[in-house]
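Have a look at the structure below before the remarks.
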2 protein chains.
Amino acid sequence: MSPLIESFVRHFGEMGSRWGINRTVGQMYAYIVLSDEPVNADELACELQVSRSNVSMGLKELQSWNLVRLMHVPGDRKDYFTAPEDVWKIAMTLINERRKREIDPTLTVMRDLLMENPRSKSDQYAQQRIEDMYQLIEMLTQWSREIQKLSPKQISRMLKLGAGVSKLLG
Amino acid sequence: MSPLIESFVRHFGEMGSRWGINRTVGQMYAYIVLSDEPVNADELACELQVSRSNVSMGLKELQSWNLVRLMHVPGDRKDYFTAPEDVWKIAMTLINERRKREIDPTLTVMRDLLMENPRSKSDQYAQQRIEDMYQLIEMLTQWSREIQKLSPKQISRMLKLGAGVSKLLG
DNA sequence: CTGAATTTTCAGAAATTAGTGAAAATTGAT
DNA sequence: ATCAATTTTCACTAATTTCTGAAAATTCAG
């Protein structure tokens with residue numbers, strides 16, 4: 001692995017571990033993303049110096065996150081993996097998978113707690129707080145769903161406008 | 001602690017741990033956020049059933065993230081803590097602190113790697129990928145900075161418009 | 001100053017999470 | 001069907017992270 005690629009892979013391993021993704025899985029994905037060609041498990045195990053079984057588990061996880069696509073190369077029985085060519089696609093997938101696994105269940109818990117009737121003044125206050133958070137998270141996830149209808153080009157244009165949107169809104 | 005508050009605190013402990021924040025710190029913050037009045041360390045230790053020293057470390061962390069404010073109540077030597085009343089403020093703080101600690105250093109690493117001259121075809125491809133990611137992350141952080149100039153009301157209006165913005169942009 | 005109240009530190013224990021190797025299961029060419 | 005190639009599983013070990021209790025440091029009223 002070239003020094004350039006190694007630096008990146010190392011850094012993303014560290015980053016991953018701060019975001020609840022394990023270091024090795026982070027490195028594996030960084031390696032796959034930077035790779036020009038489909039990557040197989042043996043290559044990952046060898047380049048990242050981890051056991052073959054660890055790679056197998058990591059790949060299973062990346063597949064469950066829809067972050068890699070399984071491919072085959074003609075005349076080779078091994079499984080090969082690639083990441084989407086479009087970084088927007090990767091970002092959207094990450095956001096959507098995390099929403100499914102973490103945000104949606106959280107909203108459900110909050111909704112349930114808001115249905116209960118408060119047994120005290122402090123429960124009432126707590127419910128108000130929960131409602132504020134609920135509204136905020138709901139708004140953000142709804143927005144994220146909405147903008148995914150747009151093309152990357154359109155999203156870029158919108159983001160670059162930034163605070164300028166407020167002028168359009170009067 | 002009422003069952004309602006306990007459910008929320010438990011859930012946020014779990015969530016925290018999936019986002020690289022330790023369970024206890026997550027619970028502590030959930031408890032503080034839902035609390036009507038300023039909270040002291042002994043109360044947290046007692047209600048969450050963790051050691052006093054663990055609370056001390058957790059509070060230090062929450063302070064370093066600017067997520068709590070230290071207060072004093074007259075006639076009491078203990079330190080008391082509160083969370084901002086505005087959930088938008090909390091969200092912005094989280095985003096900004098995470099940017100400072102994780103995104104900015106990542107952008108620096110990527111910028112450095114883009115300066116190096118590629119030693120091979122595959123380095124060239126890797127640099128292209130890194131550049132794509134760099135542009136994407138840069139755009140998102142720039143946007144996040146920009147919209148923080150707006151008031152929560154204005155941000156809400158903008159987010160609710162969602163994909164509708166693209167119509168305004170033609 | 002003194003000393004009680006409070007907070008912080010930190011070495012080590014406990015708990016959790018990650019990684020390995022050997023064995024089992026699967027796959028697909030012949 | 002057979003068998004070699006490949007992937008997966010899983011019990012165990014290793015590494016990391018979190019938590020604790022005791023001691024040290026700090027704070028402040030008197």
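Every value quoted in this text rests on a predicted model; they were computed, and no experiment measured them. Below, chain A is the first sequence line, B the second, and so on; all start at residue 1.
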- Message: So for the helix from C/dC1-D/dG30 to C/dT30-D/dA1, with five pairs setting each end axis, what is the inter-axis angle to 10°?
- Response: 30°
- Query: B/Asn66: what forms a side-chain contact (heavy atoms from CB on, under 4.5 Å) with it, not counting sequence neighbours?
  - Reply: B/Thr93, B/Glu97
- Task: Can you sort out the partners of B/Ile130 under side-chain contact (heavy atoms from CB on, under 4.5 Å), two or more places apart, ordered by chain and number?
- Result: A/Leu4, A/Phe8, A/Leu34, B/Met110, B/Leu113, B/Leu114
- Measure from CZ on B/Arg52 to P on C/dT9 and round the result to the nearest Å. 12 Å
- Item | Residues in side-chain contact (heavy atoms from CB on, under 4.5 Å) contact with B/Arg119, at least two apart in sequence or another chain | A/Pro3, B/Asp123
- Classify the side-chain pair B/Glu43/B/Tyr31 by whether it contains a donor and acceptor separated by less than 3.5 Å. yes
- Task: Report the distance from atom CD of A/Glu61 to atom P of C/dG19, rounded to the nearest whole Å.
- Result: 11 Å
- Quick one, which residues of residues 18-30 of chain A touch DNA chain C with a heavy atom under 4.0 Å? A/Asn22, A/Arg23, A/Thr24
Give every pair of a protein N or O atom and an N or O atom of nucleotides 27-30 of chain C that lie under 3.5 Å apart, one pair per line with the distance.
unit_1 : atom_1 : unit_2  : atom_2 : d
C/dT27 : O2     : A/Arg77 : NH2    : 2.4

- Message: Could you work out, with salt bridge (Lys or Arg N to Asp or Glu O under 4.0 Å) as the rule, every residue matching B/Lys149, not counting sequence neighbours?
- Response: B/Glu146
- Message: Strictly by salt bridge (Lys or Arg N to Asp or Glu O under 4.0 Å), give each pair with a member in residues 49-62 of chain B just once, sequence neighbours left out.
- Response: B/Asp42-B/Arg52
- Query: Quick one, which residues of residues 31-51 of chain A touch DNA chain C with a heavy atom under 4.0 Å?
  - Reply: A/Val50, A/Ser51
- Contact span of DNA chain D against chain A, any nucleotide atom under 4.0 Å from a heavy atom, 5' to 3', runs D/dA4 to D/dT9
- Not counting sequence neighbours, which residues clear side-chain contact (heavy atoms from CB on, under 4.5 Å) with A/Leu161? List them please. A/Val165, A/Leu168, B/Leu169
- Given that A/Asn54 and B/Gln63 both sit by DNA chain C, which one's nearest nucleotide is further toward the 5' end? B/Gln63
- Message: Does anything in residues 18-27 of chain B form a side-chain hydrogen bond (donor to acceptor under 3.5 Å, both in side chains)? List the pairs, not counting sequence neighbours.
- Response: A/Glu102-B/Trp19
